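All of these numbers come straight from a predicted model, not from anything done at the bench.
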Amino acid sequence: MAAVLRLHLTALFNAFMRGEAVPSLEMLNARIVVIPKEGKDHTLCANYRPISLINVDVKIFAKLLASRLGACLPALIHVDQVGFIPGREAPDNIRCTMDILQVATTGEQGAFLLSLDAEKAFDREAWPYMWEVLRRVGMGSHFLLGVRALYLAPVARVDTGGCTSDHFEIRNGTRQGCPLYLLLFALSIEPLTNYIRHQEDIRGVEVVGESYKINVRTYYTYRGQSTTFIWGGKRSRLPRSGTYLARAAGGLGAPHLTYYRAAQLAILSLVNLPVKQTRWVQLEGAMGDGCPMDMVMWLPCLHSETAHPSPAFRHSMTLWWKYRYRDGLSTPHTGLTPLFWNPEFPEGLRLRRFGWWRERGLTEVRHLTLVGKAATLAYLRESRDLSPGETFRASQLLHYVQSFQ
């Protein structure tokens with residue numbers, strides 16, 4: 001059966017890509033099921049959530065197009081837009097906004113934050129504009145014909161759970177329930193954001209020569225409670241374990257703090273990536289004026305205080321230093337321990353004297369070890385082209401590395 005369906009669907013989808021008409025307009029029919037919002041007046045249409053169900057064959061075709069378009073979006077859309085872009089997440093821009101506010105409030109730059117919400121943005125998308133955007137970004141004619149086939153003459157009807165309305169035409173907007181609609185919207189809003197980026201009259205917050213002007217993201221709601229808020233500062237009437245239980249099990253459904261700590265520590269993994277692709281990592285790296293972020297977390301815990309300007313980064317680091325040894329996440333002396341910015345190696349605080357080493361990326365203990373032991377001067381001369389002028393500093397570094405053994 002799968003082989004037979006594959007042949008028929010392939011022929012159908014290729015026909016769409018050639019610009020042929022949909023064989024039956026019923027394929028473009030959407031069934032909109034409305035779900036009442038809890039605790040609202042159900043005599044008002046606004047108090048229902050519409051869920052659009054589209055034809056399965058059309059949805060498969062749209063998913064194929066979405067897979068192709070999604071692979072291109074990171075290259076077509078600026079990094080300051082994160083909504084619906086593969087590999088980007090809304091929390092990235094939330095953290096970036098927090099950092100920009102910190103820079104603006106603690107520095108001498110005058111700035112204000114303007115938040116705009118495009119009301120019913122998906123429903124108001126003009127199709128001619130959408131086709132032109134796809135054409136301008138270089139989408140091929142076959143891809144354009146395939147997308148346009150989904151918008152040839154779409155109709156919908158409303159199902160209220162017993163009664164079904166007459167069909168009505170859809171004349172604008174991206175189609176809810178279609179795998180393409182979020183990607184098409186993200187691409188359609190890019191010309192506006194690009195216009196704002198290139199407006200000289202609109203200046204962003206400057207951080208080390210980089211201007212941070214605009215953040216585009218989706219909004220989402222996270223429902224959580226804290227025991228302090230729930231009980232108003234008084235003695236809780238439920239044990240903490242009961243607070244975390246699901247409501248169906250008699251608890252309050254509050255988020256478990258273990259997951260919160262895990263999420264904070266997971267964020268630090270982005271700091272240690274060799275290529276800093278996430279925008280907030282680049283921004284917080286520029287905000288700091290001392291030890292690089294990926295080295296701060298490997299400093300000895302005894303000297304873990306940092307004056308990094310980002311409160312979000314400081315908070316993540318506070319949790320890391322608290323649980324680093326307690327939970328066995330790291331040993332006191334690790335090969336990732338920095339050679340510089342490290343109070344246990346005072347000579348390394350004089351960064352200019354060790355420029356030769358930093359230029360070659362020899363900045364961590366593991367870079368000067370060989371089979372678990374400190375390397376020798378002879379090894380450094382042979383494998384690292386150690387110059388005679390760096391022999392004294394090499395002896396200082398190796399002496400510190402030997403203290404780990």
Problem set entry | Over all atoms of both residues, closest heavy-atom pair of Q81 and I189 | OE1-CG2, 3.3 Å
For this session: Please tell me if the side chains of F168 and V158 come closer than 4.5 Å, counting only heavy atoms from C-beta onward.
Result: yes
Exercise. Any side-chain heavy atom of M130 within less than 4.5 Å of one from T174?
Worked result: yes
Exercise. Charged N to carboxylate O below 4.0 Å: is that the case for D80 and R197?
Worked result: yes
Seminar exercise, completed: When every non-hydrogen atom of I32 is compared with those of A156, the smallest separation belongs to CD1-CB, 3.9 Å
Exercise. Is the number of heavy atoms from other residues, nucleotides or ligands under 6.0 Å of R148 CZ greater than 12?
Worked result: no
For this session: Please confirm whether the backbone N or O of Q199 pairs with a side-chain atom of K213, one donor and one acceptor, at under 3.5 Å?
Result: yes
For this session: Might you confirm whether atom CZ of R360 has over 12 heavy atoms from other residues, nucleotides or ligands at distances under 6.0 Å?
Result: yes
For this session: Could you check if a side-chain atom of L69 sits within less than 4.5 angstrom of a side-chain atom of M139, using non-hydrogen atoms only?
Result: yes
Problem set entry | Test log, rule side-chain contact (heavy atoms from CB on, under 4.5 Å), inputs I267 and F313 | CA-CA 9 Å; I267 287 174; F313 181 66; over 6 Å; no
Exercise. Do side-chain atoms of H78 reach the backbone of N194 as a donor and acceptor pair under 3.5 angstrom?
Worked result: no
Problem set entry | Donor-acceptor under 3.5 Å (R393 side chain, G389 main chain) | yes
Exercise. When rounded to the nearest 0.5 angstrom, what is the spacing between OG1 in T97 and CG in L113?
Worked result: 7.0 Å
Exercise. With a 6.0 Å cut-off on ring centres, are Y151 and W131 close enough?
Worked result: yes
For this session: State whether a side-chain donor-acceptor pair under 3.5 Å links T278 with D92.
Result: no
For this session: Report yes or no: does E169 contribute a side-chain atom to a donor-acceptor pair with the main-chain N or O of A153 at less than 3.5 Å?
Result: no
For this session: With side-chain contact (heavy atoms from CB on, under 4.5 Å) as the test, would you mind laying out the steps for L362 and F354 before giving the verdict?
Result: CA-CA 10 Å; L362 305 175; F354 292 87; over 6 Å; no
Problem set entry | Exceeds 12 heavy-atom contacts within 6.0 angstrom, atom CZ of R353 | no
Exercise. So which heavy atom on Y212 is nearest to which on C96, and how close?
Worked result: CD2-SG, 4.4 Å
Problem set entry | Reported OG-to-CZ distance for the pair S316 and R95, which is rounded to 0.5 angstrom | 4.5 Å
For this session: Report the C-alpha separation of L368 and L398 in whole Å, then their side-chain angles, then the decisive distance to 0.1 Å, and conclude whether the side-chain contact (heavy atoms from CB on, under 4.5 Å) test is met.
Result: CA-CA 7 Å; L368 298 184; L398 292 176; 4.2 Å; yes
Problem set entry | Close side-chain approach of L9 and F61, heavy atoms under 4.5 Å | no
For this session: Mind checking the CZ-CD1 spacing from R49 to I35? Nearest 0.5 Å is all I need.
Result: 8.0 Å
Problem set entry | Centroid separation W298 to W320 less than 6.0 Å | yes
Problem set entry | Side-chain heavy-atom pair P309, V103 within 4.5 angstrom cut-off | no
Problem set entry | Side-chain (S269) to main-chain (L265) donor-acceptor, under 3.5 angstrom | no
Exercise. How far apart are the closest heavy atoms of V133 and S188, and which atoms are they?
Worked result: CG1-CA, 4.3 Å
Problem set entry | Flag if over 12 foreign heavy atoms under 6.0 Å of NE2, H399 | no
For this session: Give a yes or no on whether R124 atom CZ has more than 12 heavy-atom contacts from other residues, nucleotides or ligands under 6.0 Å away.
Result: yes
Exercise. Within the side chain of R175, is there an N or O that forms a donor-acceptor pair under 3.5 Å with the backbone of S52?
Worked result: no
Problem set entry | Sidechain-backbone polar pair: W280 side chain, N93 backbone, donor-acceptor under 3.5 Å | no
Problem set entry | CG-CH2 distance between L351 and W341, expressed to the nearest 0.5 angstrom | 5.0 Å
Exercise. Taking all atoms of both residues into account, what is the closest heavy-atom pair of M27 and N55, and its distance?
Worked result: O-CB, 3.1 Å
Seminar exercise, completed: Residues F340 and L397: closest non-hydrogen pair is CE2-CD2, 4.2 Å
Exercise. So, N342 and Y400: side-chain donor and acceptor under 3.5 Å apart, yes or no?
Worked result: yes
For this session: Any chance you could measure R326, atom CZ, to Y323, atom OH, to the nearest 0.5 Å?
Result: 5.0 Å
Exercise. Distance from D99 atom CG to L283 atom CG, nearest 0.5 Å?
Worked result: 5.0 Å
For this session: Verify, without hydrogens or angle tests, whether D159 (side chain) and V33 (backbone) share a donor-acceptor contact under 3.5 angstrom.
Result: no
Problem set entry | Beyond-backbone contact of T318 with K322, side-chain heavy atoms, under 4.5 angstrom | no
Problem set entry | M297 vs N272 side-chain heavy atoms within contact, under 4.5 Å | yes
For this session: I would like to know whether R88 and V79 meet side-chain contact (heavy atoms from CB on, under 4.5 Å); could you show each step before the answer?
Result: CA-CA 8 Å; R88 304 178 191 175; V79 292; 4.2 Å; yes
Exercise. For E364, does its backbone N or O pair with a side-chain atom of H367 as donor and acceptor, under 3.5 Å?
Worked result: yes
Problem set entry | Polar side-chain atom of H42 near backbone of K37 as donor-acceptor pair, under 3.5 Å | yes
Exercise. So, do N215 and I94 sit near enough that their side-chain heavy atoms are less than 4.5 Å apart?
Worked result: no
